[in-house]
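Report on the structure given below.
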Amino acid sequence: MADQPAPRIDRPTSFSDPVADRAEPIASPPGDDRSEPIESASADVEAALFPESDAKPRAAAERIAGNAGGRARAARAEAPPKRAADDSPIARVCVDSPLPHLDRPFDYLVPHNAAGTALPGTRVRVRFAGQLVDGFVLERTAETEHEGRLHFLERAVSAEPVLTPQVARLAREIADRYAGTLSDVLRLAVPPRHARAETAPPATAPELDAPAVPPDGWARYTAGAALLRALAGGRMPRAVWTAMPGEDWPARLAEAAATALLAGRGALIVVADARDLDRLDAALLRVLGGPGHHVALSAALGPAERYKRFLAASRGTAGIVIGTRAAAFAPVAALGLVAIWDDGDDLHSEPRAPYPHARQVLLARAEQEGCAAIVGGFGRTAEAQQLVETGWAIEVGAARDELRRRMPRVLTVGEHERARDPQAAAARLPSVAWRAARDALAGGAPVLIQVPRRGYLPAVACADCYTPARCAHCSGPLALPAADGVPSCRWCGRPAAGHACPECGGRRLRAAVVGARRTAEELARAFPGTVVRTSGRDEVLSSVPREPALVVSTPGAEPVADGGYGAILLLDAWAFLTRADLRGTEEALRRWFAAASLARAAAPVVVVADGGLPAVQALLRFDPAWLAARELADRRELGFPPAVRIAALTGPAAAVAELLSLAELPPGAEVLGPVPAAEGQERMLVRTARSAGKALALSLKAAAGARSVRKSADPVRIQIDPLNLL
């Protein structure tokens, strides 16, 4: 290898990079009169700073810089040629490039002095198309299929193997499934490097002296005890778990993870947000008897702390990893269990390309690494129901007699209530809800009121003709921020103090949609002297004490009450049930179950909706599996995910048409649309059978690569099975 010719790499003619193509600024040549002289207060100062010139200091400085550059080039020319590593001199590198036509590994020569550093999984810097870019070493080999000359690696950034072979395979599969690139997925999987955290002395894993996990919690579920025994035996059970009302779900998941850890296997649990993560973290500390055996990963951590915890998992110090959606890619040694809580929460869907869902990432890990899997929640999604119906997972739920003892008492505003209270159909707080709240407060318990909309009055209308109030500038909806506030547009933010109805000319406004803050104001008047708390976007409460209080919360921000709520009121159910969304009914029931599960046993849960609606029927019986099976059957009949695979293509009309013309779609693929999307963009849907889902993703990715080679200007966003399909 010592006679290796001077390395070079041919630049792909199809590569387009704005930085590489940008012209470098050209300095004026020494002595050029076009160079403007630098004004100085003293000629002596100029002579001291620029001894080579007493007239044109800038020209002298440029001449000095030019001489220094020439000396550097001469030194490089005189330096001995690089020598490749003796063992496995070829490094296959995933280069950090978002261009789809470059989504493949590139071969580089490993310098002899970096042979022990540039190992598989480490970070490197490489010369790519004239630039220095980051990359990961995927493997080291002895031969290359490249027929030309190879570049050497510019630098081995670190000897820390942050990309394990298991995570690399997983990232490749996720990229292919979601029509993305490997570098985009690795950007989600591996956090940015923090040198100080990497060079700090590694922590020592403490001895695991936790007692055996008692099976009492899981024994209340059918197949729950068997699930725990299978984890203790190192087997790979797969379960869809429907938690009972009032269940301490963090404790159950902590017990499952601890069981896997005691059996010598690792565990990975993903939750939706920081509040759930804090509860799960506290539960693991209780079950494991102290810190050191697990780490919690989330985007809220600082760069140093996040990387430090990532290294604890990568080095095998921590056997259990918990976190939000990005933690689904965390490297866990000897992985024995993956679990996700509340998989219907849209926070589990990554908003960055290629838009993977944490549930699918964990299910792919369970397949690849042969480990157990738990998909849990108070409700159930159609995707989880499909796992049960296809036999991929077993159903773990409570028996009906146990469920009846634990579930709250659900009440609706039905025909009998309307007969007794003619105003119940129109009232936001009908008499049955008012009585339930009054009795709970009298008993010394807090009351939870769930309101679907935040703010004060998110939408207003003309008080005379009920025409929705719109902005005169952009036609956006007007909202009222406070009782004495000025209406403003929710789209452009412009105030509309002089708004006049275009239909009748009226200037008075009425509430069209009531938000959480206005609801809290109304309840404070209805229950004078009672403490009213709000939990929402401005301030999310984690818990409330066991005392009489009204807690007004938006969906997903409900605090946990000590001892449970004495009553729960689910207001404005129409806002959930009338959403033009494929998952509207499923989302409504998921939100209702999450709130109702915070109630005490036999406490009243009042939903202001007709009891004949399917979602309300499922809530009455506390049977999410029934509605999930119904939803899945409807989607099979209509041809919607998860029964089929759908790709959504969004972009300018010409760009979307070009992408479809270049794509070799699988047989039987159906193209739907276009429909308007954002301003100047349209959306097309491509539907195919589940068996052809990967072929669809790869064909769209190849078409995107062809557009990249052509240097097409307008981008097209490709989303596979997006949450917001309609």
Notebook entry, point to check: Can you tell me how far CG of Leu589 sits from CZ of Arg591, rounded to the nearest 0.5 angstrom?
Noted result: 12.0 Å
Item checked: For Gly536 against Val540, the heavy-atom pair lying closest together -> O-CG2, 2.7 Å
Notebook entry, point to check: So which heavy atom on Phe310 is nearest to which on Pro331, and how close?
Noted result: CE1-CD, 3.3 Å
Check: What closest approach, in Å, do Thr381 and Gly344 show between heavy atoms, and which atom pair accounts for it?
Finding: CG2-CA, 3.5 Å
Next item on the list: Scan side-chain atoms only and decide if Tyr178 and Glu350 contain a donor-acceptor pair under the 3.5 Å cut-off.
Entry: no
Next item on the list: Taking the six-membered ring of Trp626 (Phe, Tyr or Trp), confirm whether the NZ or CZ of Arg621 is under 6.0 Å from its centre and within 45° of its axis.
Entry: yes
Margin query: Measuring from atom CG of Asp134 to atom CG of Leu186, what distance do you get when rounded to the nearest 0.5 angstrom?
Written below: 12.0 Å
Checklist line | Rounded distance (nearest 0.5 Å) linking atom CG of Leu253 with atom CD1 of Ile320 | finding: 11.0 Å
Notebook entry, point to check: Could you walk me through whether Arg172 and Asp103 pass the salt bridge (charged side-chain N to carboxylate O under 4.0 Å, His left out) check?
Noted result: CA-CA 10 Å; Arg172 179 72 274 169; Asp103 184 28; 2.7 Å; yes
Check: Ignoring hydrogens and geometry, is there a side-chain-to-backbone donor-acceptor pair from His194 to Glu305 under 3.5 Å?
Finding: no
Margin query: Quick one: does any side-chain atom of Ser699 pair with a main-chain N or O of Leu665 as donor and acceptor, under 3.5 Å?
Written below: no
Check: What's the shortest heavy-atom distance between Pro559 and Leu598, and which atoms?
Finding: O-CD1, 3.7 Å
Checklist line | Stepwise salt bridge (charged side-chain N to carboxylate O under 4.0 Å, His left out) check, Arg635 with Glu631 | finding: CA-CA 6 Å; Arg635 294 189 198 178; Glu631 283 286 307; 3.7 Å; yes
Item checked: Min side-chain heavy-atom separation Val270-Val361 under 4.5 Å -> no
Notebook entry, point to check: In Å, rounded to the nearest 0.5 Å, how long is the span from OG1 of Thr324 to CG of Leu297?
Noted result: 8.0 Å
Check: Would you say Ser597's side chain and Ala594's backbone share a donor-acceptor pair under 3.5 angstrom?
Finding: no
Notebook entry, point to check: Between Ser535 and Leu541, is there a donor-acceptor pair closer than 3.5 Å when you use the side chain of the first and the backbone of the second?
Noted result: yes
Margin query: Are Val616 and Trp592 packed together at the side-chain level, in the sense that at least one heavy-atom pair is separated by less than 4.5 angstrom?
Written below: yes
Item checked: Check: Arg380 side chain, Ala629 main-chain N or O, donor-acceptor pair, under 3.5 Å -> no
Checklist line | Approximate separation, where rounding is to 0.5 Å, of Leu280 CG and Leu285 CG | finding: 10.0 Å
Notebook entry, point to check: In this structure, are over 12 heavy atoms from other groups packed under 6.0 Å from Lys701 atom NZ?
Noted result: yes
Next item on the list: Show your working on side-chain contact (heavy atoms from CB on, under 4.5 Å) between Ile174 and Phe329 and close with a plain yes or no.
Entry: CA-CA 10 Å; Ile174 295 301; Phe329 293 97; 4.3 Å; yes
Notebook entry, point to check: Is a side-chain N or O of Arg365 found less than 3.5 angstrom from the main chain of Ala328, in a donor-acceptor match?
Noted result: yes
Item checked: Shortest non-hydrogen separation from Val287 to Ala254 and the atoms involved -> CG2-CB, 3.9 Å
Check: Cut-off 3.5 Å, side chains only: do Gln166 and Gln368 have a donor facing an acceptor?
Finding: no
Margin query: Any non-hydrogen side-chain atom of Asp96 less than 4.5 Å from a side-chain atom of Arg187?
Written below: yes
Check: For residues His294 and Asp281, is any side-chain donor paired with an opposing acceptor at under 3.5 Å?
Finding: yes
Margin query: With heavy-atom distances below 4.5 Å as the criterion, would you say the side chains of Asp342 and Trp249 are in contact?
Written below: no
Note to self: Check Arg169 with Glu173, please: is the shortest side-chain N to carboxylate O separation under 4.0 Å?
What the structure shows: no
Margin query: Checking the side chain of Arg275 only, and the main-chain atoms of Gly556 only, is there a donor and an acceptor separated by less than 3.5 Å?
Written below: yes
Check: Would you say Asp623's side chain and Ala618's backbone share a donor-acceptor pair under 3.5 angstrom?
Finding: no
Check: Hey, does Pro666 have a side-chain heavy atom less than 4.5 Å from the side chain of Arg645?
Finding: no
Next item on the list: Using the test ring pair (Phe, Tyr, Trp, His ring centres under 6.0 Å), find all partners of Phe622 that sit at least two apart in sequence or belong to another chain.
Entry: Phe593
Check: Do Thr181 and Asp184 meet the criterion of a side-chain donor-acceptor pair at a distance under 3.5 Å?
Finding: yes
Check: Does the side chain of Lys694 reach to within under 4.5 Å of the side chain of Ile720, using non-hydrogen atoms?
Finding: no
Next item on the list: State, with a plain yes or no, whether a side-chain heavy atom of Ser553 is found less than 4.5 Å away from one of Leu448.
Entry: yes
Next item on the list: Would you check, one step at a time, whether the test side-chain contact (heavy atoms from CB on, under 4.5 Å) holds for Arg630 with Asp634?
Entry: CA-CA 6 Å; Arg630 180 188 176 110; Asp634 290 343; 4.2 Å; yes
Note to self: Tell me whether the count of non-hydrogen atoms from other residues, nucleotides or ligands lying under 6.0 Å of CD in Glu664 goes above 12.
What the structure shows: no
Next item on the list: Work out which heavy atom in Leu163 is nearest to a heavy atom in Ala168; give both atom names and the distance.
Entry: CD1-N, 3.9 Å
Item checked: Evaluation steps, side-chain contact (heavy atoms from CB on, under 4.5 Å), between Asp572 and Arg453 -> CA-CA 9 Å; Asp572 300 339; Arg453 305 295 180 89; 5.9 Å; no
Item checked: Arg177 side-chain N/O to Ala697 backbone N/O, donor-acceptor pair under 3.5 Å -> no
Next item on the list: May I ask you to decide if Ala296's main-chain N or O and Arg309's side chain share a donor-acceptor pair within less than 3.5 Å?
Entry: yes
Notebook entry, point to check: Mind checking whether Tyr221 and Trp241 have parallel, tilted or perpendicular rings, split at 30° and 60°?
Noted result: perpendicular
Next item on the list: Decide yes or no on salt bridge (charged side-chain N to carboxylate O under 4.0 Å, His left out) for Glu367 and Arg238, but give the supporting numbers first.
Entry: CA-CA 10 Å; Glu367 288 283 354; Arg238 297 165 179 172; 3.7 Å; yes
Notebook entry, point to check: Rounded to the nearest 0.5 Å, how far apart are CG of Asp278 and CG of Asp273?
Noted result: 9.0 Å
Notebook entry, point to check: Is the shortest heavy-atom distance from the side chain of Gln386 to the side chain of Trp392 under 4.5 Å?
Noted result: no
Next item on the list: Would you please test Leu311 and Val162 for side-chain contact (heavy atoms from CB on, under 4.5 Å) and show each step?
Entry: CA-CA 8 Å; Leu311 291 178; Val162 292; 4.3 Å; yes
